[in-house]
Amino acid sequence: KRGRDYENTISIDYLSRLNERYEAFIATYETEHKDAKLLIIDVDNNNFSEKQEDLGAIINKIDAEINGLF
């Protein structure tokens with residue numbers, strides 16, 4: 001979507017492995033840093049780049065976390 005030529009050459013296999021590593025990191029982070037704040041945004045069920053209300057919902061979650069309202 002971003003139209004960057006160098007991103008079009010990244011293999012799906014590489015992206016899948018990268019995603020797996022991110023998920024493993026997050027799982028470890030949650031168990032090892034119980035007092036740390038972690039906000040996970042489900043990008044499969046929103047379109048924040050095109051829908052203002054989705055972006056607003058994410059911003060509200062971040063604001064709530066920063067201000068201790070979460």
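Keep in mind that the numbers below use all heavy atoms, side chains included, and drop hydrogens, waters and symmetry copies. Counting begins at 1 with the first residue of the sequence.
- When the side chain to side chain contact (heavy atoms under 4.5 Å, CB included) test is applied to Asp13, the partners found at least two apart in sequence or on another chain are Ser11, Arg17.
- Taking Glu7 as the reference, Arg2 meet the side-chain hydrogen bond (donor to acceptor under 3.5 Å, both in side chains) condition, with sequence neighbours excluded.
- Here Tyr29 contributes atom OH and Glu32 contributes atom CD; the two are 11.0 Å apart, rounded to the nearest 0.5 Å.
- Ile41 pairs by the side chain to side chain contact (heavy atoms under 4.5 Å, CB included) definition with Leu39, Val43, Asn46, Ile58, not counting sequence neighbours.
- Dense packing is recorded around CD1 of Ile40, with more than 12 heavy atoms of other residues, nucleotides or ligands lying under 6.0 Å away.
- Following chains of ILVMFWY side-chain contacts shorter than 4.5 Å, one can reach Leu38 starting from Phe25, so the two form part of one hydrophobic cluster.
- Nearest heavy-atom pair across Tyr6 and Thr9 is O-OG1, 2.9 Å.
- In this structure, the side chain of Asn19 does not engage the main chain of Leu15 through any donor-acceptor pair within 3.5 Å.
- Between atom CZ of residue Phe48 and atom CG of residue Asp54 there is a gap of 9.0 Å, rounded to the nearest 0.5 Å.
- Other residues, nucleotides and ligands contribute more than 12 heavy atoms inside 6.0 Å of the CD atom of Glu53.
- Put simply, NZ on Lys61 and CG on Asp63 are 13.0 Å apart, with the number rounded to the nearest 0.5 Å.
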